[in-house]
Novice: 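The structure follows.
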Amino acid sequence: DTEVTQTPKHLVMGMTNKKSLKCEQHMGHRAMYWYKQKAKKPPELMFVYSYEKLSINESVPSRFSPECPNSSLLNLHLHALQPEDSALYLCASSQILVTYNEQFFGPGTRLTVL
Amino acid sequence: SQQGEEDPQALSIQEGENATMNCSYKTSINNLQWYRQNSGRGLVHLILIRSNEREKHSGRLRVTLDTSKKSSSLLITASRAADTASYFCATDARGGGADGLTFGKGTHLIIQP
């Protein structure tokens with residue numbers, strides 16, 4: 001299984017809502033990532049988890065809260081978002097103990113904040 | 001922060017022609033990778049070139065890397081309509097796993113049938 005799955009595919013939420021994005025992989029990868037991609041822009045790194053521990057936080061606002069409950073799952077909890085947070089949120093995974101860093105991406109969750 | 005700069009930002013060619021995209025980056029790298037993205041969906045890894053390599057081939061893809069100029073190029077030969085997509089270069093500084101990628105701005109490639 002070389003697939004990264006993300007749910008939901010689309011999400012519309014109000015600024016006062018709390019929602020979560022989910023990501024799952026069964027490739028045995030111990031590194032997982034969240035990226036944010038605005039329209040017609042490249043993906044931008046948000047968080048990196050290594051062995052289920054947060055290793056990189058690219059100064060992301062606290063209204064985004066990542067969680068890695070086990071080696072296969074990655075969540076992104078959303079609360080009190082702003083309309084400018086509307087974007088495609090991409091999850092990725094990769095191996096760690098290698099000299100390369102090929103990342104496998106999920107299809108993304110398209111988030112709209114009203 | 002974005003490191004890579006793709007050139008051109010958009011490219012439209014006829015099916016069967018070759019497509020060349022360029023990428024420049026600013027800091028030292030361990031690897032440089034190219035990804036393809038169809039219609040704002042997930043990215044697909046195409047090819048990786050290590051900092052000590054100068055050229056690499058994979059099927060219809062040819063990648064070059066010039067670390068002295070901090071630049072890379074992706075050549076797609078004999079293009080097909082299915083190659084229509086956005087192409088991004090991506091770098092990681094530390095190497096190994098668990099290192100976030102820094103993407104270039106991307107080239108939107110359109111293959112005219």
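So you know, we letter chains A, B, ... as the sequences are listed, proteins then strands, and number each from 1.
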Novice: The criterion is side chain to side chain donor-acceptor pair (under 3.5 Å); which residues satisfy it with B:Asp83, sequence neighbours excluded?
Specialist: B:Arg60

Novice: Do B:Ile13 and B:Ile76 land in one hydrophobic cluster if side-chain heavy atoms of ILVMFWY residues count as linked below 4.5 Å?
Specialist: yes

Novice: For chain B, which of A:Gln37, A:Arg30, A:Met32 has the most heavy-atom pairs under 4.5 Å?
Specialist: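 Option with the top pair count is A:Gln37.
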
Novice: Can you confirm whether B:Gln9 is buried at CD, in the sense that more than 12 heavy atoms of other residues, nucleotides or ligands lie under 6.0 Å from that atom?
Specialist: no

Novice: When you look at NZ of A:Lys38, are more than 12 heavy atoms from neighbouring residues, nucleotides or ligands closer to it than 6.0 Å?
Specialist: yes

Novice: Does B:Lys56 NZ have over 12 foreign heavy atoms under 6.0 Å away?
Specialist: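 Yes, the 6.0 Å shell around NZ holds more than 12 heavy atoms from other groups.
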
Novice: Would you say the side chain of A:Gln103 lies within less than 4.5 Å of the side chain of B:Tyr35, judging by non-hydrogen atoms?
Specialist: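 In short, these two side chains touch, coming nearer than 4.5 Å.
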
Novice: For a quick test of your reading: what N or O donor-acceptor pairs under 3.5 Å do the side chains of residues 38-47 of chain B make, sequence neighbours left out?
Specialist:
from    : atom 1 : to      : atom 2 : distance (Å)
B:Asn38 : OD1    : B:Arg36 : NE     : 3.2
B:Asn38 : ND2    : B:Thr84 : O      : 3.3
B:His45 : NE2    : B:Gln33 : OE1    : 3.3

Novice: Which pairs with one or both residues in residues 49-77 of chain B pass ring-ring contact (aromatic ring centres under 6.0 Å, His included), sequence neighbours excluded?
Specialist: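 Sorted pair list comes back empty.
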
Novice: Only heavy atoms, only distances under 4.5 angstrom. Which residues in residues 73-84 of chain A are near chain B?
Specialist: none

Novice: Find out if a path of hydrophobic residues (ILVMFWY) with successive side-chain heavy-atom gaps under 4.5 Å connects A:Val113 to A:Leu88.
Specialist: no

Novice: Write down the atom of B:Gly104, the atom of A:Pro42, and the distance for their closest heavy-atom approach.
Specialist: O-CB, 3.0 Å

Novice: Establish whether A:Tyr33 and A:Tyr89 are linked, either directly or via other cluster members, by ILVMFWY side-chain heavy-atom contacts under 4.5 Å.
Specialist: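 A:Tyr33 does not cluster with A:Tyr89.
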
Novice: So for A:Gln6, is it side chain, backbone, both, or neither that comes closer than 4.5 Å to the heavy atoms of chain B?
Specialist: neither

Novice: Examine whether an atom of A:Arg110 lies under 4.5 Å from a heavy atom of chain B, and if so say whether it belongs to the side chain, the backbone or both; otherwise answer neither.
Specialist: side chain

Novice: At what distance, to the nearest 0.5 angstrom, does CG of B:Asp99 lie from CG of A:Leu45?
Specialist: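 Answer rounded to 0.5 Å: 8.5 Å.
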
Novice: Are B:Met21 and B:Leu61 in one and the same hydrophobic cluster, where Ile, Leu, Val, Met, Phe, Trp and Tyr link if side-chain heavy atoms are under 4.5 Å apart?
Specialist: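 Yes, one cluster joins them.
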
Novice: Taking the side chain as every heavy atom from C-beta outward, state whether B:Leu101 and A:Tyr35 have any atom pair closer than 4.5 Å.
Specialist: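 Yes; the side chains approach each other to less than 4.5 Å.
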
Novice: What part of B:Gln37 lies closer than 4.5 angstrom to a heavy atom of chain A: side chain, backbone, both or neither?
Specialist: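 The side chain, not the backbone.
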
